[in-house]
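Report on the structure given below.
Please read these numbers as outputs of a predicted model, since none were measured by experiment. What you see below is based on every heavy atom in this structure, not just the backbone, and it leaves out hydrogens, waters and symmetry mates.
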Amino acid sequence: MSEFTRGRRNDASLPSAKAATTYQRQWFARLKERAAAGDPVALVNADAPQEILRALDIPYVVNQWWASVCAAKQRSGPYLRLLAERGYPADQEQYNSLALASTFDDDPPWGGLPPISFVLAEMTGDALRKVFEAWQRERGATFLGFERTVPREVDPYWWNRIEDDWEALVGKQRIDLMTAELTGVIRHLEVTTGRTFDEERFRTVMDLVNEQQRYNRATRDLIARTSPAPITIADSIPSVMIPQWHRGTEWARDAARTFYEEVRERADNGESPCPDEQIRLMWVGTGLWFDMGFYSWFQETYGAMFVWSMYLGLAADGYIRHGEDPLRTLAGRFAAFPDMINAPPWASEWYAKESVHNRIDGAVHMATTDRRGNYFVNRAIEAAGVPVLQIVGDSGDARSWNQEAVQAQVAEFIEKRVAPVAARRRAREERRR
């Protein structure tokens, strides 16, 4: 059973999804071999600029990917208890702290992480900073952090400008700071590892990332306009996210292209896991790694398909950047990354835009109660005409997850609020035909 398929059943049926999970296992085995031979390994947060490690040929593990493995293997509860036993909070930043917790386990999934030499992460909040400081204290890993900055001016419709006008949109001072931080991190890594930052390779990495995301954009748009949807998020999440952790490689670019071609073939042939699609749902928040089968019950019961997650949407809109200076362009990719998915008005208006673009009838928003942007995200989606149900949960914490209770809550939401919206949408689309 892969890290993305735990629950009632495995709905991931695309060859690209299966190939990606197979590749990930093989890659992880090779990474551990490199570590055993003396290569340093980095742990990188999802919103940190991994591309510089690619150019330096420093292998890395993405913190949130490893957390998804731990959660899928039903280790989140035991691991959070391990943290608590060592005096760390077990009710804050659960998703981000599972990887550290796994290092206290004598029998972790897949044989566990290799020794971590460096940790790269943006410092969004005091608690998250402390998580990565604990890596340094507990495991001797050097923490290389990037400051969290905020914009002085905002354009809520950032996706229309971000590819080419990122300097003005994000802000020169923010770009200046992150470029300086990137330069410092690169120099530190060169000195401590003996590697040389290959600028030509770095340009190639940046070009490959843009190519990869253009395929993801084409896939997002294809799913958005196709009914019944050719796939569900059980397929799209592994097919998108595993290649994302390998951004800047030809394999990742080719995997994104294969994913698009498979979805296009399904759409052309009218294939769908739910031929009688009645309702299109979006899942707002990180993946429900410890119960990916949760989504399929609504498909079987109501003809309700979860067709959208932020992973494919953000791949489509959030990564592509063009610029003459590749390091500054990389700063333009990541300096505002948290704004896109968490901070209003960037995040709230983007989710609303995606709900309309993907012809969504209802949104289920899984969020922890400490995220202050939840209200604004929900309000913007509702203003776009899409009802929202917020449920409390954390992708890295299965302790309080009550599958039956949440299932009943979502079922009531579909019956009372979403079904009428879906009926009106289908009627409008029928009149246009």
Side-chain angles (χ1 to χ4, degrees), residues 3 28 31-32 35 39-50 52-53 58-149 178 181-182 184-185 188-189 192-193 245 286 289-290 334 337-338 342 368-371 393-400:
E3 68 274 23
F28 191 65
L31 178 142
K32 295 182 77 170
D39 275 2
V41 176
L43 182 91
V44 189
N45 234 27
D47 56 1
Q50 301 152 28
I52 59 174
L53 297 173
I58 295 176
Y60 61 86
V61 176
V62 176
N63 185 34
Q64 285 74 16
W65 167 71
W66 187 248
S68 76
V69 173
C70 296
K73 297 298 184 183
Q74 307 301 300
R75 303 291 183 91
S76 61
Y79 283 178
L80 292 169
R81 286 193 292 273
L82 288 176
L83 285 179
E85 289 170 2
R86 284 162 175 78
Y88 294 113
D91 58 354
Q92 297 180 50
E93 297 292 349
Q94 299 97 308
Y95 189 31
N96 292 307
S97 60
L98 279 185
L100 175 62
S102 75
T103 67
F104 303 130
D105 183 7
D106 294 331
D107 185 25
W110 293 17
L113 292 171
I116 300 298
S117 299
F118 308 101
V119 175
L120 277 67
E122 187 181 64
M123 296 174 287
T124 305
D126 293 338
L128 190 59
R129 177 194 292 261
K130 293 298 182 182
V131 170
F132 298 112
E133 287 178 354
W135 270 98
Q136 188 160 298
R137 181 169 54 253
E138 295 283 354
R139 296 302 180 213
T142 302
F143 175 33
L144 302 170
F146 298 90
E147 291 293 338
R148 170 73 168 103
T149 61
M178 185 161 236
E181 289 176 328
L182 287 167
V185 169
H188 176 85
L189 293 173
T192 55
T193 68
W245 308 143
T286 51
W289 309 123
F290 49 79
F334 282 99
F337 207 83
N342 290 321
T368 55
T369 55
D370 62 347
R371 290 195 179 275
D394 188 292
S395 295
D397 190 353
R399 293 174 300 175
S400 61

Under 3.5 Å: donor-acceptor pair, side chain of Lys73, backbone of Pro108: no

Donor-acceptor pair, distance only, cut-off 3.5 Å: does the side chain of Ser76 make one with the backbone of Ala398? yes

Heavy-atom side-chain contact between [X] and [Y] under 4.5 Å:
X      : Y      : result
Leu82  : Arg86  : yes
Phe118 : Thr193 : yes
Glu138 : Phe104 : yes
Pro114 : Leu31  : yes
Phe146 : Pro49  : yes
Ser97  : Leu80  : yes
Val131 : Asn63  : no
Arg139 : Ile116 : no

Of all heavy-atom pairs between [X] and [Y], which one has the smallest distance, and what is that distance?
X      : Y      : value
Ala141 : Val119 : CB-CG2, 3.9 Å
Val41  : Ala35  : CG2-CB, 3.8 Å
Ala101 : Tyr79  : CB-O, 3.4 Å
Pro338 : Asp47  : CG-OD2, 4.3 Å
Ala127 : Gln92  : CB-OE1, 3.7 Å
Trp66  : Ser102 : NE1-OG, 3.0 Å

Once you round to the nearest 0.5 Å, how far does [atom1] of [X] lie from [atom2] of [Y]?
X      : Y      : atom1 : atom2 : result
Leu100 : Leu43  : CG    : CG    : 9.0 Å
Asn96  : Leu128 : CG    : CG    : 5.0 Å
Glu93  : Asp394 : CD    : CG    : 8.5 Å
Gln94  : Arg399 : CD    : CZ    : 6.0 Å
Leu144 : His188 : CG    : NE2   : 5.0 Å
Cys70  : Phe290 : SG    : CZ    : 13.5 Å

Partner of Asn45 under side-chain contact (heavy atoms from CB on, under 4.5 Å), picked from Gln64, Met123, Gln50, is Gln64

Give me each pair satisfying salt bridge (charged side-chain N to carboxylate O under 4.0 Å, His left out) with a member in residues 98-125, each pair once, sequence neighbours excluded. Arg75-Asp105

Taking Phe28 as the fixed residue, which of Trp65, Trp245, Tyr60 is the one that meets the ring-ring contact (aromatic ring centres under 6.0 Å, His included) rule? Trp65

For atom NZ of Lys130, decide whether the heavy atoms of other residues, nucleotides or ligands shown that lie under 6.0 angstrom number more than 12. no

